[in-house]
Amino acid sequence: MRMGQMFGRTLREAPADAETASHGLLVRAGFIQQLGAGVYSLLPLGKRSIDKIEAILREEMVKIGGQEVLMPVVNPADVWKETRRFYEIGDEMSRFHDRVGRDMVLAMTHEEVVADLTRKVIHSYKQLPLLVFHIQTKWRDDARPRAGLIRVREFTMKDSYSLDSSEEGLDTQYRAHYQAYFDIFNRCGLPTVAVLSDVGMMGGKMAHEYMYLTPIGEDTIIICDSCGYHANRQIAQFRKPEPEGGDPAELRKIETPGTTTIEELCEFLKIDASRTLKAVFMTATLVDGEEEVQKLVVAMIRGDMELNETKLANLVKAKELRPAHEEEIKAAGAYPGYGSPIGVEGALIAVDDLVPDLRNLVTGANEEGFHVENANYGRDFEADFVGDLIAAGEGSLCANCDGTLRATRAVEVGNIFKLGTRYTGSLGATFLDDNGKAQQVIMGSYGIGVGRLLACAVEEYHDDKGVIWPISIAPYEVHLVALPGGEEEADRIYENLSAKGVEVLYDDRKEQAGVKFNDADLIGVPIRVTASKRSLKNGGLEMKLRRGDDLGVVPVDDAVDKVLELKSTLEQELADRVKPVEFSD
RNA sequence: CGGGGUGUGGCGCAGUCCGGUAGCGCACCUGCUUUGGGAGCAGGGGGCCGCAGGUUCGAAUCCUGCCACCCCGACCA
């Protein structure tokens, strides 16, 4: 590609709203342009890199038996109603009516369509197992898109769906994905860790998320450096401190004006937060048969700990959880800022499993300006649910060893999920087993966000001048710079390299050397070749890797071979990163 | 949805408080010079100042409403 003809341009300055490296650089280098909030166009450079990633995704999916399909983005709502997600999902799913008024949705994912295809196509155990995948646009009307391609509303996703007749089959396909995902990310040069993640309410059995560790990430993952344990914070296990015990003392009401937070309370009473009991008021949506009911949940945790909403939702079997409104709290007889289960009626009480072993805690009196001291579980309050409610955090004790846990930020670039029969059951996707008996097809679903992967790669590979692409996903392999006196030779090497199948971005513009070099650094193509009067005088063409290695001058006659050699070296480096990974759950 | 911020040429910004009909840098076009890390000189093109109302002789500037985009939050009780 001759740069003089290329659609797109580089910018000296990033748009003012680009706050992350990947966002700013992808815009500056001419890979993407924003159309609206969380909606981007890909320019030719961006499209080429995305195509490279998609090619890798296809190869790795086919390698584990995947067959590519393409499912529609616009779906009649019927299938979504059959699985009830039409009603369960909120504003994140966009809906509209077609001309005759039918409910339609923009697909956020494709479990429904896959299950529909399955019920139409699969009838016998002899047809299973199968793996289908597609690379398709998704629309999710995210409340808050941010950071360029890291979090967008319209995006391309590779999603694959395994179809099996047995749990063992699902397990096999799940593990195949577990490895394939590492292979995919490694081929793209992106370091990731797989962490166990929440399976949610939908009957899933196991899920892993593939995390790229970066401070700009929105997820928090918990890592133990001594035993290697890692998990999404939402489900991370940890060991709670040993309670001190002691004998229960008499419950007493104490005046504590202006202490609506644990911090203020501890300051006022000169005690440690671990001596307090914190009430967190949430409103849960519970499913009772066909009915949905809203109920106040009072979660009780030790004052120095943090509630993990996912654990609470799972414990009380809530479909949704949100912070309770003040009126809801008061209606149950509690008082915000001075809350506890004492005297509360009509609410579910959920108590962290550490609390029953704690003695003589300070907690709310449910009256403005008053707390109580010496509160004890069993005597002063009881619970509908007792279970782990605490979020692991920096400094928590590892559940598996003597280590201390570390919290770190990450971006989820992929996930794998054992769905089971959640969707095939709702849609009646069954097959006849070898006894002629109808069984529900067992599904798994597996996703990778293509644009997010690209953005994460830029986060990982850049410097203050621009991107430094891994060759596997670089828009071009060679950036050829022609400077005065080198034009003819540059034309020749451009033809020769192209003839060998090398992808060359040829800067044939009438620009100053500095402009060309800076653009080359910004765009980040891995191999740079320069032809100029000076290089020719020195015996040939200059070669340099974007990441820094200066390879000096290569004789003109050797240039093509040298480029091919460099290319294969760079490719091999990435290929060497692909190796078997032990399955970890 | 809550809070904050920003909308002025392709990009980055000034001008807004204190109303007088739009400016700077980069980019773009033409010419000459220059030619290895974002050149110099000269000339030039491009903006109904987010949109709609209102106030005023006169609005980028004041008032009202709306829209868009960005950031934070939507667990910290």
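To find a chain, count down the sequence lines: A is the first, B the second, and so on, and within it residues start at 1.
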If the [atom1] atom of [N] is compared with that of [M], how far apart are they to the nearest Å?
N     : M     : atom1 : result
B/U35 : B/U8  : C1'   : 37 Å
B/G50 : B/C67 : C1'   : 7 Å
B/C17 : B/U61 : C1'   : 9 Å
B/U56 : B/G43 : P     : 44 Å
B/G47 : B/C11 : P     : 15 Å
B/A14 : B/G7  : P     : 7 Å
B/U16 : B/C49 : C1'   : 11 Å
B/G12 : B/C70 : C1'   : 16 Å

What is the nucleic acid contact for [X], judged by heavy atoms within less than 4.0 Å: base, sugar-phosphate only, or nothing?
X        : answer
A/Ala147 : sugar-phosphate
A/Lys510 : nothing
A/Arg146 : sugar-phosphate
A/Asp91  : nothing
A/Arg302 : nothing
A/Ala143 : base

message: Could you measure the distance from the CG atom of A/Leu480 to the CD atom of A/Glu489? Nearest 0.5 Å is fine.
response: 10.0 Å

Partner of [N] by Watson-Crick or G-U wobble geometry, both contacts under 3.5 Å, or none?
N     : result
B/C17 : none
B/C1  : B/G73
B/C49 : none
B/A68 : B/U6
B/C32 : B/G40

- request: Give a yes-or-no answer on whether the side chains of A/Thr276 and A/Arg302 include a donor-acceptor pair shorter than 3.5 Å.
  value: no

- prompt: Does a side chain donor of either A/Asn415 or A/His208 reach within less than 3.5 Å of an acceptor in the other side chain?
  reply: no

query: Taking for each residue the nucleotide of RNA chain B with the nearest heavy atom, is it A/Glu511 or A/Arg28 whose nucleotide lies nearer the 5' end?
result: A/Glu511

statement: The answer to which of A/Asp142 and A/His23 contacts RNA chain B further toward the 5' end, by nearest nucleotide, is A/His23

- prompt: Do A/Arg509 and B/G38 share a donor-acceptor pair, side chain to base, under 3.5 Å?
  reply: no

Measure from the side-chain heavy atoms of [X] and tell me the nearest of [options].
X        : options             : answer
A/Asp17  : B/G38, B/C70, B/G12 : B/C70
A/Gln34  : B/A77, B/C70, B/G37 : B/C70
A/Val515 : B/G37, B/C70, B/A39 : B/A39

For [X] and [N], what is the distance between atoms [atom1] and [atom2] respectively, to the nearest whole Å?
X        : N     : atom1 : atom2 : answer
A/Arg151 : B/C70 : CZ    : C1'   : 15 Å
A/Met305 : B/C76 : CE    : C1'   : 15 Å
A/Glu13  : B/G10 : CD    : P     : 15 Å
A/Tyr40  : B/C69 : OH    : P     : 11 Å
A/Glu19  : B/C70 : CD    : P     : 11 Å
A/Glu92  : B/C1  : CD    : C1'   : 15 Å
A/Asp521 : B/G37 : CG    : C1'   : 8 Å
A/Ile301 : B/A77 : CD1   : P     : 11 Å

- prompt: Can a salt bridge be assigned to the pair A/Arg95 and A/Asp141 using a cut-off of 4.0 Å between side-chain N and carboxylate O?
  reply: no

task: Would you mind checking if A/Asp550 and A/Lys544 are paired as a salt bridge, meaning a charged N to carboxylate O distance below 4.0 Å?
output: no

- request: Answer yes or no: is there a side-chain heavy-atom contact under 4.5 Å between A/Trp469 and A/Leu570?
  value: no

field: Geometric class of the A/Tyr506/A/Tyr494 ring pair [parallel <30°, tilted 30-60°, perpendicular >60°]
entry: tilted

statement: From the list A/His23, A/Gln33, A/Arg153, side chain to side chain donor-acceptor pair (under 3.5 Å) with A/Tyr40 holds only for A/His23

Could you tell me whether the phosphate oxygens of [N], OP1 or OP2, come under 4.0 Å of any side-chain nitrogen or oxygen in [X]?
X        : N     : value
A/Gln33  : B/G10 : no
A/Gln512 : B/U35 : no
A/Arg144 : B/A74 : no

